[in-house]
Amino acid sequence: MNYISTRDTAETPRSISSAEAIKTGLAPDSGLFMPESIPALDEAAITRLTEMTYAERATEILSMFLTDYDREALLADCTEAYSEARFPGGAAPVVPIGDDMYSLELWHGPTCAFKDMALQIMPRLLSRALTMTGERRLAHILVATSGDTGKAALEGYKDVPGIKISVFYPDDGVSAMQKRQMITQEGENVFVTAVKGNFDDAQNGVKKIFADHSLAEKAAQNGMFFSSANSINWGRLAPQIVYYISAYCDLVRDNEIFMGDVVNVCVPTGNFGNIFAAYIAKQMGLPLGKLICASNSNCVLTDFFNEGEYDRMRTFYKTMSPSMDILISSNLERLLYAIGGAEFTAERMASLAGDGSYKIPYKVQEELAESFAGYCLSETETGEVIKRIFEEKGYLADPHTAVGIGCAEKYIEESGDTRKIILASTASPYKFAADVCRSLDIEPASDEPMDIISALENATDTKAPAQLTRTLTMDVRFDGVIDPTDMPNVAV
């Protein structure tokens, strides 16, 4: 299985191995790597997966995409990455939260966010890729984060030999807990910097660094090369395919559905990587119906699916679901490539860069509508869902998960589709304790993080994850704030 760039319009596109794609992160033409073909997953294979552990399922799926990796090495890496020690209670448990809706809880890892599902295995994949490709230079991982990716990447890559990691986050654009997790990060090879502006400013800054050949040459002179841990890197996206397949297997195993039953998936998303992973699973043959793309007030994806135009030139909103506060959804490029090819994609990426928008033909919009449905939730609606779901179902949801629940409910009401829904629950409610408290009309004793957490614990009879409360006692290591134009100085 080789990989090609989404923007390579050559008659014979240049292809590279999965190890090279994971090592490089972003293609030289600024495109994203995609597999030359999508492997097939038939009913017999899914049946076999139902009897496996999560680590074994991950090994099976990843080996279909990473064909140059040793299978036994993949099994060892997956077994370690998804161990009970790292994911207490299981890597991706499926929890019923109402009539025909199941929460795929992806936040039981070290940083209490779904990014752990990929970023516990990705450093291992990169380390092996460096060896497999004979790379002797230091890999400098550059990460732009809207909150959760940064901490998950820092935790995954801390003190990994041969790797340095720099994380950029929007100043005042993440939750207090997300910021606390990053600025107290341990590890000798980790660096964290706040950027003035929003996530798109940080993400554009990272993309510009990757596209600047003079910076690459300067890094090489210093014995380094740049790579990425964002979902623009295939090594980050591929592991996300696994948990949709695993969730389906669990529903079959637990007699919630029959093998072959079609289920829908709802994903709260900003950068489009998580829901694109579900799309890949569907293309492989997993019986998925509608993929419900859930957005907050930054509803650029909702408008894209409903109107056929992607327009980032709009008001940017800071919300209680900051990981979705994004106006440039990088992984949407992979979907454009999947349905239209490289030339189609390159034209629209050029238009997005130049004009801030692009359109797709109506027939393409119709084709997308066969798989996708876009919905959004306002801040008021998000708070109402948090409160109602807890009071009616006893389920405590973070704001991102609440956006997903609300959008799934809108889809059901509008479409009349009664198929069961797998909802991607992307973060612990305690990462956003202040907003959850406000939504539930809980009044903490003070604005101190520990008081807020204690108030939420007492009022809901739940327990905050220890990995979050521990962060509150750690020393701050990184307090710098820079302009986006200064990001290259940090990179080299």
Side-chain angles (χ1 to χ4, degrees), residues 107 112-115 144-151 169-182 194-203 266-275 292-306 310-330 332 374-390 396-410 423-442 447 449 452 456:
W107 44 264
C112 301
F114 84 96
K115 311 297 176 73
T145 183
S146 55
D148 288 334
T149 292
K151 173 60 180 177
Y169 71 92
D171 191 30
D172 297 325
V174 299
S175 79
M177 179 58 78
Q178 288 174 316
K179 181 176 181 178
R180 182 77 189 179
Q181 283 185 298
M182 288 187 284
V195 175
K196 296 175 184 176
N198 58 40
F199 169 73
D200 291 325
D201 295 313
Q203 179 168 251
C266 181
V267 186
T269 187
N271 219 18
F272 204 72
N274 206 4
I275 194 168
I292 305 162
C293 181
S295 300
N296 59 19
S297 299
N298 295 295
C299 54
V300 64
L301 286 168
T302 308
D303 292 344
F304 170 75
F305 285 113
N306 292 335
Y310 192 95
D311 184 4
R312 66 177 176 85
M313 306 303 290
R314 58 177 67 208
T315 302
F316 177 86
Y317 298 100
K318 290 185 178 181
T319 74
M320 71 172 88
S321 49
S323 295
M324 302 162 66
D325 291 348
I326 297 173
L327 295 182
I328 303 176
S329 305
S330 292
L332 190 60
Y375 290 86
C376 60
L377 227 61
S378 69
E379 284 289 90
T380 299
E381 290 174 314
T382 301
E384 290 172 350
V385 169
I386 291 173
K387 184 171 185 172
R388 175 170 53 80
I389 291 299
F390 181 72
L396 189 62
D398 91 290
H400 304 78
T401 303
V403 168
I405 294 172
C407 288
E409 292 173 337
K410 285 186 177 184
L423 169 74
S425 178
T426 57
S428 164
Y430 282 93
K431 292 198 78 167
F432 308 92
D435 290 306
V436 174
C437 279
R438 279 191 289 272
S439 300
L440 296 177
D441 299 320
I442 299 170
D447 290 335
I452 296 172
L456 186 57

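- Looking only at distances, a side-chain donor or acceptor of His400 sits under 3.5 Å from a matching main-chain atom of Ser323.
- Counting heavy atoms from C-beta outward, Ser321 and Thr382 have side chains that stay 4.5 Å or more apart.
- Contact between Tyr169 and Val174 at its shortest, heavy atoms only, is CD1-CG2, 4.1 Å.
- Scored by the side-chain contact (heavy atoms from CB on, under 4.5 Å) test, Asn298 finds Asn296, Phe316, Tyr317, Thr319, Asp325, Leu327 as partners (sequence neighbours excluded).
- Distance check, rounded to the nearest 0.5 Å: OG1 of Thr401 to CZ of Phe114 gives 10.5 Å.
- Note that OG of Ser297 is 11.5 Å distant from CZ of Arg314, once rounded to the nearest 0.5 Å.
- For Phe304, the ring-ring contact (aromatic ring centres under 6.0 Å, His included) test picks out no residue, with sequence neighbours left out.
- Between the side chain of Asn274 and the main chain of Thr269, no donor-acceptor pair closer than 3.5 Å is present.
- Lys318 NZ to Asn198 CG: the interatomic distance, rounded to the nearest 0.5 Å, is 8.5 Å.
- Partners of Asn271 according to the side-chain hydrogen bond (donor to acceptor under 3.5 Å, both in side chains) rule, which considers only residues two or more places apart in sequence or in another chain, are Gln203.
- Pro399 has its side chain within reach of Val436: a pair of non-hydrogen atoms, C-beta onward, lies under 4.5 Å apart.
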Side chain to side chain contact (heavy atoms under 4.5 Å, CB included) between Asp311 and Val300, worked out: CA-CA 7 Å; Asp311 184 4; Val300 64; 5.7 Å; no
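- Partners of Ser175 according to the side-chain contact (heavy atoms from CB on, under 4.5 Å) rule, which considers only residues two or more places apart in sequence or in another chain, are Met177, Gln178, Phe432.
- When side chains are defined from C-beta on, Cys266 does not count as touching Tyr375, because their heavy atoms never get closer than 4.5 Å.
- A side-chain N or O of Thr149 and one of Lys115 form a donor-acceptor pair less than 3.5 Å apart.
- The two residues Ala402 and Ala397 have their closest heavy-atom pair at N-CB, 4.3 Å.
- Two residues are said to be in side-chain contact when any heavy atoms from C-beta on lie closer than 4.5 Å; Leu440 and Leu396 meet this criterion.
- To the nearest 0.5 Å, atoms CG (Leu301) and SG (Cys376) are separated by 10.5 Å.
- Looking only at side-chain heavy atoms (C-beta outward), Thr426 and Asp148 stay at 4.5 Å or farther from each other.
- Residues Phe272 and Cys293 meet the side-chain proximity criterion, which asks for heavy atoms closer than 4.5 Å.
- Looking only at side-chain heavy atoms (C-beta outward), Ile389 and Glu409 come within less than 4.5 Å of each other.
- To the nearest 0.5 Å, atoms SG (Cys112) and NZ (Lys431) are separated by 6.5 Å.
- Contact detail for Cys299 and Ser295: the closest heavy-atom pair is CA-CB, 4.1 Å.
- Ser329 and Tyr310 get closest at one heavy-atom pair: N-OH, 2.8 Å.
- Taking each heavy atom of Phe305 and Gly374 in turn, the nearest pair found is CB-N, 4.2 Å.
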Residue pair Leu377, Ile405: steps toward the side chain to side chain contact (heavy atoms under 4.5 Å, CB included) verdict: CA-CA 10 Å; Leu377 227 61; Ile405 294 172; over 6 Å; no
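- Partners of Arg438 by side-chain contact (heavy atoms from CB on, under 4.5 Å), not counting sequence neighbours, listed by chain and number: Ala434, Asp435.
- Looking at heavy atoms from C-beta onward, Met324 lies in side-chain contact with Val403 at the 4.5 angstrom threshold.
- Minimum interatomic distance between Gly406 and Val385 (heavy atoms only, all atoms of both residues): CA-CG2, 4.0 Å.
- In this view, Lys410 and Glu381 satisfy the salt bridge (charged side-chain N to carboxylate O under 4.0 Å, His left out) rule, not counting sequence neighbours.
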